[in-house]
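Scroll down for the structure; my scribbles are underneath it.
Order of the sequence lines sets the chain letters (A, B, ...), proteins ahead of strands, with each chain counted from 1.
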Amino acid sequence: MDIFALFEGRVSDALIASFPELEGNADILARVVVEPPRDPAHGDLSTNAALVVAKPLGKNPREVAAALATHFEKDEDVASVEIAGPGFLNFRLKLEIWHQVLASIARLKGDYGRSKVGQGEKVNVEYVSANPTGPMHVGHTRGAVFGDALASLLSYAGYDVTKEYYINDAGSQVDTLARSAYLRYREALGEAIEIPSGFYPGDYLIPVGKALVEEFGNSLLDQPESAWLAPVKQHVLAAMMELIKDDLRKLNIEHEVFFSEKTLHGAGGEIEKTLAWLRDEGFIYEGRLEPPKGKTPEDWEDREQTLFRASQFGDDVDRPLIKSDGSYTYFAADIAYHRSKVLRGYTTLIDVLGADHSGYASRIAAAVKAVSGGTAKVDVRFCQLVKLLRNGEPVKMSKRSGDLVTLADVVDEVGPDATRFMLLFRRNDAPLDFDFALVKEQTRDNPVFYVQYAHARCWSVFRNAEKDMPELDVSPEALLEADLGLLSSSDEIELMRMIGSWPRQVAAAARAHEPHRLAFYLHELAALLHAFWAKGKENPSLRFVNQDDPTLTVARLALVDGVRQVLVNGLGLLGVSAPKELS
RNA sequence: GGCCCCGUAGCUCAGCUGGAUAGAGCAGUAGCCUUCUAAGCUAUUGGUCGCAGGUUCGAAUCCUGCCGGGGUCGCCA
């Protein structure tokens, strides 16, 4: 159960009951929220209802609040209602409601927090989409983790999510890749090679060269490029995608759809169809573009070209679709790609890109608006750079020989849990410092550890209970029967309140496309648990396990179990493991 | 020059789509280990929310204009 959603419904009903003219006024009612008050002393729930509707009703907010208050005095879950400030309504709930929350967690387990707010809407999350020219480097890692956590979150919140990877396998860079692989092929056949600049120099192509020898023997040798380029390209692309998938697997990331750009090209392909369609709609014309102000490219050539009327859909300028050599621009393919998403039935398209593509957002938005007739929503999320540090010092990355720090390097050193959590413990559009030393540290300064430790501590409490009170039944069934009425101290209520807000957190994070909120929530919940645990040190009556009070112990264990379950659910959404014990 | 992102405590950052007296961690200061894991906790110091206007019952949050930092700017992907 989500008590905030529950009361939002009740407040809305109460408003309509008191002011029938509000009936059907969805836009006003939508602004009414029920949230936890900033100051817990104000109560358990707070609503702005009176402030929101006062003006349209032409009434004084406090009058409206008073009307609502009388309505809620009859509510069996409400202990007291109080009007505060300009017209806020603060509710203090009866203790039982928190006990109901705990009971519902015990019942729902992994589904506590799962919701239907997405209403089954089809969402396509496109992320990673790293060029298949080599292994993934750290720059890709953030987008990979972000997209993956977002996909999990949305799916948990009731959206119908597809995780998709767009393979940029059609551009000139993959020709360069193939040529680089061909060099390694010749090397594998005993030739001494030199790698010209502009080629991919990485060592990861050496095994590809050997594999080419195994597949083709020396039959590609002394052939013109036209003979070997296609087969080598096909082979090396497959090899690179395997490399990338291996990297992603290290972070437990698996896409459901790999969409090849190449399949859009060619006669009768989707790009052609899309451009024909756009032409029919009148969204394409032949024209000239102004050179960008303030910075005219060296080789600027004023020519007439095929343009998409992006500016008609909110973009700054119209965008070219065909290069001077007659081939399609990347954007032309991207329009076709996004059209394919729309045609496949997705109504929300999420693109996760690196911050260096930030100028691309308005173009995508324009394209999606055009190809969907405005019916599809698009959200382009940008991931900022990750600065790698070691003990506070920036990690030097030598670009020579393409030797960047790879995703595999990071994950091998700190593990998938820490990598994922740290990258999610920051808003995606804010730059992030990733300090190897901190991430491996087992102290409270390390948020990954701090949260995982809270979870392990929950298990530790259970282990202690079994050791100290072996005759006590702490099975899930026994916990369901616990006398929760014994949980009434302010610390216990605070914890129950916190886990009671979990469903609301999930829904809000999903709507905002912001998985980092979950990471912060978990950190806060962990802090509350640690604080409560520490109080038992000073005051033994506050311990979870009390040998002289088995009934209270069972009740407290039920609370610990609720916290544990929320930590498990939250870490699960972030793709971070929840160990029962830390080594 | 155009466009996008950012600017909140000494540092690193949250701030729940406009709510009440702006929060947390680190650092600083003062405490807590015969006690469920001190791998932790408590207290305390610290802010013209970059600046100036505007919108309204109410702005860190929305709008406009500046200042500062980053990114990007037809035929790269």
Side-chain angles (χ1 to χ4, degrees), chain A residues 31 33 35-39 42 46 48 51-52 54-55 60-61 84-88 90 129-131 133 168 170-174 261 289-295 297 299-303 305 307 315-320 322-327 329-331 333-334 354-362 380 382 384-385 425-427 429-433 441-447 449-450 453-454 456-457 460-465 467-468 501 504-505 507-509 511-512 514 516-517 520-521 523-524 527 530-538 540 543-547 581-582:
Chain A
R31 292 179 50 217
V33 293
E35 57 189 354
R38 181 161 300 182
D39 186 347
H42 291 147
S46 171
N48 61 352
L51 293 161
V52 169
K55 188 158 194 191
N60 179 316
F88 286 102
N90 293 330
S129 300
N131 293 336
T133 55
N168 299 137
S172 59
Q173 60 182 350
V174 288
E261 179 190 351
L289 276 183
E290 296 282 312
K293 291 213 165 59
K295 187 197 159 210
D299 56 350
W300 180 266
E301 165 198 358
D302 186 22
R303 66 178 178 91
Q305 49 188 339
L307 299 168
D315 199 0
D316 313 312
V317 292
D318 295 334
R319 304 289 178 176
I322 296 176
K323 301 183 206 169
S324 49
D325 69 358
S327 63
T329 60
Y330 180 80
F331 183 53
D334 221 12
D356 54 339
H357 291 74
S358 63
Y360 204 64
S362 49
V380 186
F382 297 102
Q384 271 293 348
L385 291 180
F425 198 57
R426 176 75 79 248
R427 251 183 27 235
D429 53 358
L432 170 88
D433 290 345
E441 209 172 273
Q442 300 223 325
T443 70
R444 65 201 219 109
D445 298 346
N446 178 354
F449 171 78
Y450 188 77
Y453 179 48
R457 188 165 251 177
S460 154
V461 168
F462 271 86
R463 284 191 294 269
N464 279 300
K467 186 174 58 141
D468 296 344
S501 72
R504 183 174 180 274
Q505 297 287 344
R511 270 193 287 263
E514 290 184 349
H516 77 271
R517 291 192 193 182
F520 280 95
Y521 169 87
H523 194 258
E524 247 178 88
H530 289 312
F532 189 56
W533 187 91
K535 286 198 172 138
K537 284 192 151 313
E538 290 153 26
R543 291 193 189 184
F544 294 116
V545 179
N546 277 281
Q547 295 195 41
E581 211 166 351
L582 298 180

inquiry  = Can you tell me which nucleotide in rA77(B), rC16(B), rC57(B) comes closest to the side chain of Tyr360(A)?
reply    = rA77(B)
key: Footprint string (nucleotides 61-68 of chain B, 5' to 3'): B base within contact, S backbone only, - free, heavy atoms under 4.0 Å   = --------
ask   = Is rC33(B) syn or is it anti, if syn means the base angle is within 90 degrees of 0?
value = syn
query = With Arg543(A), which residues qualify under salt bridge (charged side-chain N to carboxylate O under 4.0 Å, His left out), at least two apart?
reply = none
key: For Phe449(A), all residues meeting ring pair (Phe, Tyr, Trp, His ring centres under 6.0 Å), sequence neighbours excluded   = Tyr453(A)
task = Select base, sugar-phosphate, or nothing to describe what Ser327(A) touches, counting heavy atoms under 4.0 Å on all strands.
result = nothing
ask   = Tell me, which stems hold RNA chain B, with a stem being 3 or more Watson-Crick or G-U pairs in a row and both distances under 3.5 Å?
value = B:1-7 with B:67-73, B:10-13 with B:23-26, B:28-32 with B:40-44, B:50-54 with B:62-66
inquiry  = Of the listed nucleotides (rG74(B), rU17(B), rG58(B)), which one gets closest to any side-chain atom of Arg31(A)?
reply    = rG58(B)
query = In terms of side-chain heavy atoms of Asn90(A), which of rC57(B), rA20(B), rC5(B) is nearest?
reply = rA20(B)
remark   = Per nearest nucleotide of RNA chain B, the residue lying toward the 5' end, Gln305(A) or Pro431(A), is Pro431(A)
Aromatic ring proximity Phe462(A)/Phe544(A), centre distance under 6.0 Å = no
Interatomic distance, Glu514(A) atom CD to Arg427(A) atom CZ [nearest 0.5 angstrom] = 7.5 Å
query = To the nearest Å, how far apart are Asn48(A) CG and rG58(B) P?
reply = 16 Å
note = Among rC75(B), rC13(B), rG19(B), the one nearest any side-chain atom of Phe520(A) is rC13(B)
ask   = Between rG74(B) and Lys323(A), is there an OP1 or OP2 to side-chain N/O distance shorter than 4.0 Å?
value = no
ask   = Would a distance-only check, ignoring hydrogens and angles, find a side-chain to backbone donor-acceptor pair under 3.5 Å from Asn48(A) to Val33(A)?
value = yes
ask   = Does a side-chain N or O from Arg511(A) land closer than 4.0 Å to OP1 or OP2 of rC16(B), or not?
value = no
query = Between Ala84(A) and Asp325(A), who's closer to the 5' end of RNA chain B by nearest nucleotide?
reply = Ala84(A)
ask   = How does protein reach along nucleotides 31-42 of chain B, written 5' to 3' as B (base within reach of a heavy atom under 4.0 Å), S (only sugar-phosphate), or - (no contact)?
value = ----BBBSBSSS
query = rA77(B), rG74(B), rU17(B): which one has an atom nearest the side-chain heavy atoms of Pro320(A)?
reply = rG74(B)
With 3.5 Å as the limit, what N/O pairs link the protein to nucleotides 44-46 of chain B?
none

